[in-house]
Each structure stands twice: as structure tokens, then as C-alpha cells.
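Some notes on the structure that comes next.
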There are 2 protein chains.
Amino acid sequence: MSLKHAILVQLETEPSSGYDLLQHFKSGLGYFWNAKHQQIYQQLKTLSEQKLISLSLEKQKGRPDKKTYQITKLGTEELKHWLTNPVKPHKINDALLVKVYGGHLIDQENLQNELMLHKKTHKKILQDLLNMERTFLESPPQTQEKYKLPYLTLRRGILGEQAWLTWAKEALEMLKK
Amino acid sequence: MSLKHAILVQLETEPSSGYDLLQHFKSGLGYFWNAKHQQIYQQLKTLSEQKLISLSLEKQKGRPDKKTYQITKLGTEELKHWLTNPVKPHKINDALLVKVYGGHLIDQENLQNELMLHKKTHKKILQDLLNMERTFLESPPQTQEKYKLPYLTLRRGILGEQAWLTWAKEALEMLKK
DNA sequence: AGTCTATATTCAAAAAATTGCATACACTGA
DNA sequence: TCAGTGTATGCAATTTTTTGAATATAGACT
């Protein structure tokens, strides 16, 4: 169960509110760990009860108050413990590929159109990731050294998206034949 | 909810028992749709109740009897309906990347070792996929034409694994610095 | 004032996945 | 005969994910 640890990892980077975390899960962390806001808040409550994180209320100007959480010593220990133990390879559930597998049952143009839609999405994602990479590579060397591991997750995203687009091109060519 | 459709797609290809399906989910379909035997049997029961599949009991020599399911007309219609509607991009929950993101907290050798373990796994998967590809490409042209869409799912797997291994190489090099 | 949007959080229910456990048939080898 | 392995199926509980719904603060605009 790694949502807990994804949250702890992010809180270890900087204290955050539920909403801040949600933004991170829409970008950054979210490229490799999907989480819904209900999950995040629920998990924050649990982590707080377990004393792995602590809570402080923060008043904001022009915005509602927010609850800021930060990781505790206990939380950091729990996180380190998890980090030292091996995880299993992630499992894939890709409905698009199920559709491709059974695609002979439908009109090939429909399949092509859908592939092109997904291609568009993936192009956007790749663009976003490349922008993030450019920003990172323009940052000072100590920043680059500090964040070299998060950068690796970015590289994984980029290489994965590029592979996907290579495949999509191939697939569309085959479908046109 | 695509387990249902993954099962229907496979049953459309050929009638199968729960056990047969399980083997398919360990290979072939399983590279892009993960399913546990409990899920499969449960889903077969539901699909049968819904008349999307029909059941026949088959006696075997030297083995226990098996229940063979085949897709019904209604099932084929349901499947086609699903196939014509767009699906969302699949979501990623990759614990390894969460670990890489927070990897500065642990001994870098531990992280390297784990990456190398995963690398080994991915190499094996790629090998399996390439073997499957070779077999496919050695098959008669009409077979290749018939299964060109399932072949596309294989190609996706191969390109994805290759991208993963490229990344792993890059990551290990960075970790060694 | 009301509507819309953004920020911020919460509760609840349903669906799906995972884990644990179990049973039965059949064969093989000690 | 028993233990181990493979084939074959099933039930139940727990955990995780998804979906739906809602509330509150605050600002901007009509």
C-alpha cells in the first residue's frame, strides 16, 4: 500500500495541506502515483491518528484556512523502513490494449480515431514532462544534485511516453494498411 | 470496469475454462491486464448469470473436470458496444518510482540493488515477449493477418520494456556517480 | 444578490482488487 | 499410503480505489 508512502515522501520534501498534496498528485508525483482527493484526505487523517504526521492550522488571506501537515520523526522512520524493503513490479491494467486486442470486432476507423485521441493526450503529457525537464536542467547545479532522484522519475516518464508514441505511430500505420 | 471485457475478449477468441483464462492472464492478455483467479471465477459467475456467456461441463482424462465458458450473442453485442466507446488512459501506480523519488533517504546501494532486481525481472519479460514475437513472425501470413491487432499489444509490451530498461541503465549510471 | 470559479475539506457508498483460505480430482514418486 | 505437484474451482474478508455528494471560505462579475 504505497499511497501512504507517496504522501509521506511528499511531506518529507515539504509540509503541505491536503489541497497542496492534491496539486502534487496532479503533477509531479501524480505521473507515477494516481490518487483521488478523497483518498488523500482520508489517508492524512489516518496518518495523523498514527502520529506519523502532525497538523497545524493556517489562516490565509483571501482564501479559506488550510490544514498543514508535516511528517514526524516517527513518520520519517516508517518511511525509511518502507524504502529499504523491496517492492513488487507494478501491474498494468490498460483498457486501451484490451480494446486493441479485440479490435477486429469493430470498425477499424473507430479504433484509429481512438488511438489518435490517446496519441494527443500522450503528446501533451510528454510536452509537460519535457518542459519540467528543461526547467530542471536550467536550475543551479546544487539544485540538480539535490533533486537528481526525483529527476530520474521524470526521465522515466519521458522515456515511457516516447515509447508509447513510437508504438502509436506504428499501430496507426498498421491500421491504415 | 474492464476485467469483464478482457474476459469477454478472450472468450470471443476461443471458449475457455476459468483455469484456461487464468493461464491467459499469466501470459498474453496478462501483460496488459492483471487479474487474480478469484476475480476471474467471480466474474465468470456474474457474466453467466447475465447470459453474456454460457457454460458447459467437460470431462477430461487424467485431470479434473472443467467448466468451459463461451461467449453468447448477447455477450458479443455487449463487447462490441464497449469496444466502440472511448476508454480513459490507464493510471499508473508505480511503487518503485515512489521509492526512487524519496531515495535520498536511504542508502544508495540499497536503491541500486533494488533497481538491479527489477532490471532482471524486466529483462526476463522482454525476453518472453521477444520470443512470442519471433513465433508470431514465423507463422503463416494469414495467421499474421488474423492476429495483427493482438500483435500490436505485443509490440506495445516490447517497446515499453525496452524503454524501461533504457531508463534503468540511465538510473543505475546516475546512482553510481 | 446570485452565479461562477477557485480554494479547501469531509463523509459515505459502491466497486474493484488483493489476500487468505479451502476443496476436489488426478498423477507421480518414495 | 502419503506427500507433493499440477489441474480446477470456490468462498470470504480485507484493503484499496472509485464515485457521488456535500459543505465552507473567498473573490470576481453580472
Side-chain angles (χ1 to χ4, degrees), chain A residues 1-8 11 15-27 29-30 32-50 53 55-69 82 87-95 98, chain B residues 1-8 11 15-27 29-30 32-50 53 55-69 82 87-95 98:
Chain A
M1 209 290 263
S2 303
L3 173 60
K4 167 178 169 180
H5 301 106
I7 287 175
L8 288 177
L11 286 181
S16 312
S17 66
Y19 192 80
D20 292 332
L21 283 171
L22 184 58
Q23 302 318 302
H24 284 294
F25 278 105
K26 284 186 180 176
S27 167
L29 214 55
F32 53 90
W33 199 273
N34 177 56
K36 303 284 198 292
H37 80 262
Q38 297 93 331
Q39 282 177 283
I40 293 168
Y41 287 110
Q42 185 60 240
Q43 192 58 240
L44 285 174
K45 183 177 174 186
T46 302
L47 290 172
S48 184
E49 285 164 357
Q50 294 173 344
I53 61 177
L55 161 69
S56 58
L57 202 57
E58 213 174 295
K59 287 188 176 302
Q60 297 192 98
K61 274 197 189 296
R63 299 172 170 191
D65 297 352
K66 74 177 169 185
K67 295 181 173 179
T68 300
Y69 295 89
W82 179 75
V87 293
K88 294 183 186 172
H90 85 100
K91 297 297 186 182
I92 298 170
N93 282 345
D94 189 340
V98 176
Chain B
M1 208 294 264
S2 302
L3 174 60
K4 169 177 168 179
H5 300 106
I7 287 174
L8 288 178
L11 286 181
S16 313
S17 66
Y19 193 79
D20 294 331
L21 283 171
L22 184 59
Q23 304 317 302
H24 283 292
F25 278 105
K26 284 185 181 176
S27 168
L29 215 53
F32 53 90
W33 199 273
N34 178 56
K36 303 283 197 288
H37 83 262
Q38 296 92 331
Q39 282 175 284
I40 294 168
Y41 288 109
Q42 184 60 236
Q43 193 57 241
L44 285 174
K45 183 177 174 184
T46 301
L47 290 172
S48 184
E49 286 165 355
Q50 293 172 342
I53 60 178
L55 162 67
S56 59
L57 202 56
E58 214 173 291
K59 286 189 178 298
Q60 298 191 94
K61 273 196 190 295
R63 298 172 170 190
D65 298 352
K66 74 181 175 185
K67 295 181 171 178
T68 302
Y69 296 88
W82 179 75
V87 291
K88 295 181 184 172
H90 85 99
K91 297 296 187 184
I92 298 169
N93 281 346
D94 189 339
V98 175

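Atoms considered below: every heavy atom in the structure, side chains included; atoms not considered: hydrogens, waters and symmetry mates. Per chain, numbering begins at 1; letters A, B, ... match sequence-line order.
OP1 and OP2 of D:dT17 both lie 4.0 Å or more from every side-chain N or O belonging to A:Lys36. Contact annotation: B:Lys67 reaches the phosphate of D:dG10 (side-chain N/O to OP1 or OP2, under 4.0 Å). Between B:Tyr41 and D:dT9, a side-chain N or O to OP1/OP2 separation shorter than 4.0 Å is present.
Judged by closest nucleotide on DNA chain C, A:Gly18 is the one of B:His37 and A:Gly18 placed further toward the 5' end. Summary of the strand contacts: B:Tyr69 and B:Asn93 both lie near DNA chain D, and taking for each the nucleotide with the nearest heavy atom, the more 5' one is attributed to B:Tyr69.
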Can you pull every protein N or O that's under 3.5 Å from an N or O on nucleotides 5-7 of chain C?
| residue | atom | partner | partner atom | Å |
| --- | --- | --- | --- | --- |
| C:dT7 | OP2 | A:Tyr19 | OH | 2.8 |
| C:dT7 | O5' | A:Tyr19 | OH | 3.4 |

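For the ring-ring contact (aromatic ring centres under 6.0 Å, His included) test, residues two or more places apart in sequence or in another chain that qualify with B:Phe32 are A:Tyr101.
Residue-level contact check: A:Lys61 touches neither bases nor backbone, having no heavy atom under 4.0 Å from any strand.
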Original post:
When you look at B:Lys66 and B:Gln60, which way does the side chain to side chain contact (heavy atoms under 4.5 Å, CB included) test go after all the steps?
Top reply: CA-CA 7 Å; B:Lys66 74 181 175 185; B:Gln60 298 191 94; 3.7 Å; yes
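Judged by distance alone, the side chain of A:Gln23 and the main-chain N or O of A:Asp20 form no donor-acceptor pair under 3.5 Å. B:Asn93 places a side-chain N or O within 3.5 Å of a backbone atom of A:Asn34 that can act as its donor or acceptor partner.
Between the CD atom of B:Gln38 and the P atom of D:dA12 there is a distance of 13 Å, given to the nearest Å. At whole-Å resolution of the value, CD1 in B:Ile40 and C1' in C:dA16 are 14 Å apart. Spacing between atom CG of A:Leu22 and atom C1' of C:dT9 amounts to 11 Å, rounded to whole angstrom units. As a whole-Å value, the separation of A:Asp94 CG from C:dA17 P is 14 Å. Taking atom NZ of residue B:Lys59 and atom C1' of nucleotide C:dA26, one finds them 13 Å apart after rounding to whole Å. One atom, CD of B:Gln39, and another, C1' of D:dT15, lie 13 Å apart when rounded to the nearest Å. Between B:Gln43 atom CD and C:dA16 atom P there is a gap of 8 Å when expressed in whole angstrom units. Rounded to whole angstrom, the span from the CZ atom of A:Phe25 across to the P atom of D:dT17 amounts to 10 Å.
Of all heavy-atom pairs spanning A:Val98 and B:Ala6, the tightest one is CG1-CA, 3.8 Å. When all heavy atoms of B:Ser2 and B:Trp33 are compared, the closest pair comes out as CB-CH2, 3.3 Å.
Using a 4.5 Å heavy-atom cutoff, the side chains of A:Thr68 and A:Leu55 are not in contact.
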